[in-house]
Structure formats: structure tokens, C-alpha cells
Amino acid sequence: MKIDIITIFPKMFAPVLNESIIKRAQGKGLLKIKVHDLRDYTRDKHRKVDDRPFGGGPGMVFRPEPIFRAVEKIVASGKKPSRSRKCNPKVILLTPQGKKLDQTMVKKLSRCRHLILICGHYEGVDERVRKNLVTDQVSIGDYVLTCGELPAMVLVDSVARLIPKVLGKDESTHSESFACGLLEYPQYTRPAVFRRMAAPKVLLSGNHKLIEKWRKEMALKVTKRRSQYMLKYIKLKNWGTENEKD
Ligand code: ADE
């Protein structure tokens, strides 16, 4: 997968993209991320990306020209004449007005070949960008951040881990057990008793059936406690049938 990120703060991305699993994914060629400085797509000597809103009012608005130019250049560079299938990337604007990112959306995005992310700022982006360039608007939650850079990183991280082979064997086995939508069950490791706090006996029992049962119960409990909303998406059936076979 290829991800292009358009931002006025390109330096914000290096610490996140050059660490851990995302770094490894890029190293293996599974993910190609390119960060573009929006100012490189301006044509005036001050490299101005924003202006006052028509009609007055506070704040500044991103001008349409540099954003259109950046996206068009990225799209053009991705189109190889030999390739018969047209590369139609998703052009995603990170904005609090967007559709809320959830695991279903993340899964869909992880199947795309090319994403272009636009990090919004200031009072917003010229509406012509939203209407004529952007294909999707995404919010990472019902709160307002100072910029779209952190949301872009959240999106990249959540999508990258679902690209085949990005997660190592151990990591993916773990995540797959929760593909049904439940939150994680509590985990314990050595020592069995720490400052008089004991790990649950069942986990030390060696009885895999009981351990599995306990984990399912705990995952349900945690999920219910943390988010009633998520329960709608749990595919309880899968676990039910697994159980019956035992
Ligand atoms: N920009 C500012 N706040 C945001 C949010 N919650 N999601 C996406 N982009 C944003």
C-alpha cells in the first residue's frame, strides 16, 4: 500500500513513522509512506498556504490551489502508463466533521492500494477542496484537535497493522482472536504474586479450556464495561459455535 500525506508540519511524522511496526513494514516494502510539505506546492515567494475567509470572521482557511496541485501531482506520479488498471486513490481529509474512524472503516481502508491524506488546519479548508477533490472525510473522534496531523498518524497506524504480513506471527495471532470486535482480556505475566497481588489461579492451572472460557468472559466484561456501543458489532456466534465443539 502507498500512503501520501500532505501536511504543513512534515517533521511531526518522522518520530511515529520511523519506529516499530510501521518502520518495519516500510523496510519490508509492504507499505510506502511519503510525507509532502504543502508549502512545496505553493507558487508565491512566501509559500503561503492559507488566507482570510471570504465574508470575514476569525482564523485562516487553507487555500485550494496548493492542495489541488499536491494531490494532482501525487496522482499523476502514481499512474504508470503500462498499468491497465487505473489507480484511483482515496483522497482523505482529516477533519472533525468527518465520518468517525472505527475498525470497520479501518478494515476497508486497509484493502486500498493508495491513500492520500490531507491534514486540515486553522479554521478549515476551502470548501472547494472538500467538494471537488476529497473522496472521504474522516474524524478520529468527537473532539477537536489543533491539527489533522495526529489524526493522520492514527489512521496510518490502524490501517498499516491490517495490511497482510505487517504484523509478526505473534502479534497477528493475538489480534485475530479479537477480530470479532471484543476488547482485550486482562493479561498477566511473571511473577504470579506481585506485592501480594496474585494473578488469577485459572491462568496458572494449565487447563486450556478453562483459560479460554475465562478469557472470553473477561473480554465480554471489559467490552461491556468500556463501551456498550461496541457490543452491537460483536460476532458472538463465532465464539458460541467454537464453544459447542469443545
Ligand atoms: N482535526 C482536528 N480535530 C480532528 C479530529 N477529531 N479528527 C480528525 N481531524 C481533526
Side-chain angles (χ1 to χ4, degrees), residues 1-5 7 12-35 78 87 89-90 92 94 98-117 119 136 138-141 148-190 199 203 208 211-227 229-243:
M1 175 189 280
K2 192 173 164 227
I3 304 181
D4 287 281
I5 303 169
T7 170
M12 276 180 79
F13 288 88
V16 172
L17 302 183
N18 297 328
E19 286 291 346
S20 185
I21 292 168
I22 308 290
K23 180 184 178 183
R24 196 177 65 199
Q26 292 176 91
K28 282 185 182 168
L30 301 168
L31 180 60
K32 202 171 162 194
I33 304 176
K34 199 162 174 204
V35 179
C87 177
K90 274 196 184 296
I92 300 173
L94 282 309
K99 186 169 176 221
K100 216 186 296 171
L101 187 71
D102 62 12
Q103 198 61 15
T104 307
M105 194 197 294
V106 169
K107 271 183 209 158
K108 276 189 198 149
L109 293 176
S110 73
R111 291 183 205 118
C112 297
R113 290 176 59 189
H114 188 190
L115 304 177
I116 300 175
L117 309 183
C119 305
D136 300 76
V138 175
S139 159
I140 61 159
E149 275 74 8
L150 290 172
M153 290 181 221
V154 168
L155 190 150
V156 169
D157 190 274
S158 59
V159 166
R161 62 186 289 286
L162 295 189
I163 299 170
K165 298 194 186 130
V166 162
L167 293 185
K169 213 174 158 204
D170 287 351
E171 297 152 345
S172 59
T173 316
H174 187 248
S175 69
E176 270 158 24
S177 32
F178 295 97
C180 58
L182 284 179
L183 292 172
E184 228 179 296
Y185 51 74
Q187 298 270 30
Y188 292 83
T189 186
R190 269 184 278 265
L203 299 179
H208 295 295
I211 291 171
E212 178 77 347
K213 186 171 172 280
W214 181 86
R215 285 181 166 166
K216 285 172 190 174
E217 283 166 8
M218 293 308 287
L220 269 171
K221 207 168 150 185
V222 170
T223 307
K224 196 173 170 193
R225 197 190 314 136
R226 288 213 203 124
S227 171
Y229 168 81
M230 275 189 76
L231 283 172
K232 280 196 286 184
Y233 299 101
I234 296 170
K235 293 172 191 157
L236 280 169
K237 264 190 199 156
N238 295 349
W239 261 4
T241 47
E242 267 171 35
N243 245 353

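Values below: all heavy atoms of this structure, side chains included; hydrogens, waters and symmetry mates excluded.
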Query raised in the report: When Leu31 is tested against each of Leu17, Ile22, Val159 for side chain to side chain contact (heavy atoms under 4.5 Å, CB included), which residue passes?
Result: Ile22

Query raised in the report: In Å, rounded to the nearest 0.5 Å, how long is the span from NZ of Lys32 to CE of Met1?
Result: 14.0 Å

**Report entry** Glu184 and Val222, any side-chain heavy atoms less than 4.5 Å apart
**Finding:** no

Query raised in the report: Measuring from Cys112:SG to Ile92:CD1, what's the distance to the nearest 0.5 Å?
Result: 7.0 Å

Query raised in the report: Should we say atom NZ of Lys28 is surrounded by more than 12 heavy atoms from elsewhere, each under 6.0 Å from it?
Result: yes

Query raised in the report: Short question: side chain of Ser110, backbone of Ile163 - any donor-acceptor pair under 3.5 Å?
Result: no

Report task. Please test Leu155 against Ile3 for side-chain contact (heavy atoms from CB on, under 4.5 Å), starting from the C-alpha separation and ending with a verdict. Result -> CA-CA 11 Å; Leu155 190 150; Ile3 304 181; 5.7 Å; no

Report task. Taking the side chain as every heavy atom from C-beta outward, state whether Gln103 and Val106 have any atom pair closer than 4.5 Å. Result -> yes

Requested in this report: Please report the closest heavy-atom contact between Pro186 and Trp214, naming both atoms and the distance.
Outcome: O-CZ3, 3.9 Å

Query raised in the report: Taking all atoms of both residues into account, what is the closest heavy-atom pair of Ala219 and Leu183, and its distance?
Result: CB-O, 3.5 Å

Query raised in the report: Can you find a heavy atom in the side chain of Leu109 that is under 4.5 Å from one in the side chain of Lys90?
Result: yes

Report task. Can you see which heavy atom on Val16 is nearest to which on Met153, and at what distance? Result -> CG2-SD, 3.3 Å

Query raised in the report: Can you tell me if Arg24 uses its side chain to pair, donor with acceptor, with the backbone of Val166 under 3.5 Å?
Result: yes

Requested in this report: Report the C-alpha separation of Lys99 and Asp136 in whole Å, then their side-chain angles, then the decisive distance to 0.1 Å, and conclude whether the side-chain contact (heavy atoms from CB on, under 4.5 Å) test is met.
Outcome: CA-CA 8 Å; Lys99 186 169 176 221; Asp136 300 76; over 6 Å; no

Query raised in the report: Are any of the side-chain heavy atoms of Thr7 and Met12 separated by less than 4.5 Å?
Result: no

Query raised in the report: Which atom pair, heavy atoms only, marks the closest approach of Ser139 to Gly98?
Result: CB-O, 3.6 Å

Query raised in the report: Around atom NZ of Lys2, are there more than 12 heavy atoms of other residues, nucleotides or ligands at under 6.0 Å?
Result: yes

Query - Gap separating the CE atom of Met218 from the NZ atom of Lys221, nearest 0.5 angstrom - result: 5.0 Å

Query - Closest non-hydrogen atom pair between Ile116 and Pro89, with its separation - result: CD1-CG, 3.8 Å

Report task. Assess whether side-chain contact (heavy atoms from CB on, under 4.5 Å) is satisfied between Leu94 and Glu149, documenting all intermediate values. Result -> CA-CA 8 Å; Leu94 282 309; Glu149 275 74 8; over 6 Å; no

Report task. Could you check Leu115, Leu117, Asn18, Ile5 and say which one makes a side chain to side chain contact (heavy atoms under 4.5 Å, CB included) with Ile33? Result -> Ile5

